[in-house]
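First the structure, in the form of structure tokens, and then the observations on it.
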Number of protein chains: 2
Amino acid sequence: MATDHLPVSGDFLNQRLAEKGLRFTSQRQHVYEVLLSQRDHPSADEVFMRAKQSKPEISMATVYNSLDALVKCGVVRQVNVDRGASMYCSNMNEHAHFCCDDCGKVFDVNLKDSPRVPEVDVSGKFEVRQIDIALHGRCTGTCEDCGRREAHA
Amino acid sequence: MATDHLPVSGDFLNQRLAEKGLRFTSQRQHVYEVLLSQRDHPSADEVFMRAKQSKPEISMATVYNSLDALVKCGVVRQVNVDRGASMYCSNMNEHAHFCCDDCGKVFDVNLKDSPRVPEVDVSGKFEVRQIDIALHGRCTGTCEDCGRREAHA
DNA sequence: TTTCTATTTAGAATTATTCCAAGTATTGAC
DNA sequence: GTCAATACTTGGAATAATTCTAAATAGAAA
């Protein structure tokens, strides 16, 4: 996997972690690079498997710890769309997630008028840090899995 | 628990289930009434425990099955905000969920400008059935747990 | 350095969810 | 109504996801 010469200066991550009082470690950097190198929505387990390819000694507990750290310092988003495993998304541009209830795949989508953090008024009761928008439905024709399933049905 | 004389005519649920080709059963009705009778955000396990109080023979598998059926026919929403257990919400009015990252509690909130299904344009690739909006942050002062935690810190 | 504390590790433990096979209830056709 | 077909329920086992634990290691501050 091409996780070696990524444009992650390390300084960037280091600073983001430091801002939250978290330490920069090679494991966290590695997990981050794994996420950046393949921009889908892997589960912790999938991240673990990918991370092991170039860093075989990494442990599952560390993957969870690293993912938590990355989410906490705002360089990765945790995506929860269903009862299954949480997924992780390194696309920090403003976007929503579409989850197909038939095939289970998750896609990044841009919404024209999605609420933004500065715009959210929750009457002083809550301090909003992030907004997660998940769409549910079916991906019609977009993916071959759904096509197949409909062909069967 | 006052799950006996609720304004759930049964017909309503029956019809919604039938529309999706699902059968009306006493278990599904009971689970639905459990959710309606206490409008918080219980996990499947919590629903199970509440349901058992007045219907001790109900099983966990049936609770999951019933929750799935209720979600599928659109009378209950599944709420996924974190890695933990999914939660279930019988408030079908348009609203978002605020999840406090400190105490973990989930609150219903109304957003002024949240996207609605008819308004979502995803370029014909997706058929959107539902939009779930989850806010993350901290509930400042709203709940005693957070107050306590801050007092300690 | 030294010290303090956060992090990592492997594996055990726990929690959440699904699966299974046998029995039961609901539906639609007659 | 009765019957067949099939969906649903049940308890428990199985699996999957996540957290915990205690010892070793590594980063940060003095």
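The sequence lines fix the lettering, A, B, ..., with proteins before strands; numbering per chain opens at 1.
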Original post:
Of the non-hydrogen atoms in B:Phe24 and B:Leu17, which two are nearest, and what is the gap between them?
Top reply: CA-CD1, 3.7 Å
**OP:** In whole angstrom, give the distance that lies between atom CZ of A:Phe48 and atom P of C:dG11.
**Re:** 11 Å
Original post:
Once you round it to whole Å, what is the distance between P of C:dA25 and NZ of B:Lys55?
Top reply: 10 Å
**OP:** Specify the residue among B:Ile58 and A:Met60 whose closest nucleotide of DNA chain D lies further upstream toward the 5′ end.
**Re:** B:Ile58
Original post:
Contact class for A:Ala85 vs. all strands (heavy atom < 4.0 Å): base, sugar-phosphate, or nothing?
Top reply: sugar-phosphate
Original post:
Does B:Gln27 have a side-chain nitrogen or oxygen under 4.0 Å from the phosphate oxygens OP1 or OP2 of D:dT10?
Top reply: yes
**OP:** Kindly say whether A:Ala51 contributes a backbone atom to a donor-acceptor pair with the side chain of A:His30 at under 3.5 angstrom?
**Re:** yes
Subject >> Residue whose nearest DNA chain C nucleotide is more 5′ - B:Asp45 or B:Ser26 >> reply: B:Asp45
Original post:
Is the number of heavy atoms from other residues, nucleotides or ligands within 6.0 Å of NZ (B:Lys72) greater than 12?
Top reply: no
Original post:
Base, sugar-phosphate, or nothing: which does A:Arg23 touch, judged by heavy atoms less than 4.0 Å apart?
Top reply: base
Original post:
Of all the choices, D:dC8, C:dT7, C:dC19, which nucleotide is nearest to the side chain of B:Leu22 once you look at every atom?
Top reply: D:dC8
Original post:
Are A:His97 and A:Asp132 close enough that a side-chain donor and a side-chain acceptor fall under 3.5 Å?
Top reply: no
**OP:** With heavy atoms under 4.0 Å as the rule, sort B:Ser43 into base, sugar-phosphate or nothing.
**Re:** nothing
Original post:
Hey, does the side chain of A:Ser86 come within less than 4.0 Å of D:dT18's phosphate (OP1/OP2), counting only N and O?
Top reply: yes
**OP:** Round to the nearest Å and state the distance from A:Lys72 atom NZ to C:dA6 atom C1'.
**Re:** 12 Å
Subject >> Earlier contact from the 5' end, DNA chain C, for B:Asn14 and B:Gln78 >> reply: B:Gln78
Original post:
How long is the line joining CD of B:Glu57 and P of D:dT9, in whole Å?
Top reply: 12 Å
Original post:
To the nearest angstrom, how far is A:Asn65 atom CG from C:dT5 atom C1'?
Top reply: 14 Å
Original post:
Taking only side-chain nitrogens and oxygens of A:Thr25, does any of them come within less than 4.0 Å of OP1 or OP2 of D:dG27?
Top reply: no
Original post:
Tell me: CD of A:Glu46 to C1' of D:dT18, nearest whole Å?
Top reply: 15 Å
Original post:
Could you state the CZ-P distance from A:Arg83 to C:dT15, rounded to the nearest angstrom?
Top reply: 19 Å
Original post:
Roughly how many Å is it from CZ in B:Arg28 to C1' in C:dT24, rounded to a whole number?
Top reply: 14 Å
**OP:** Let me know, please, whether B:Thr62 or B:Asp82 comes out on the 5' side of the other along DNA chain D by nearest nucleotide.
**Re:** B:Thr62
**OP:** Report yes or no: do B:Arg77 and B:Asn91 form a side-chain donor-acceptor pair below 3.5 Å?
**Re:** no
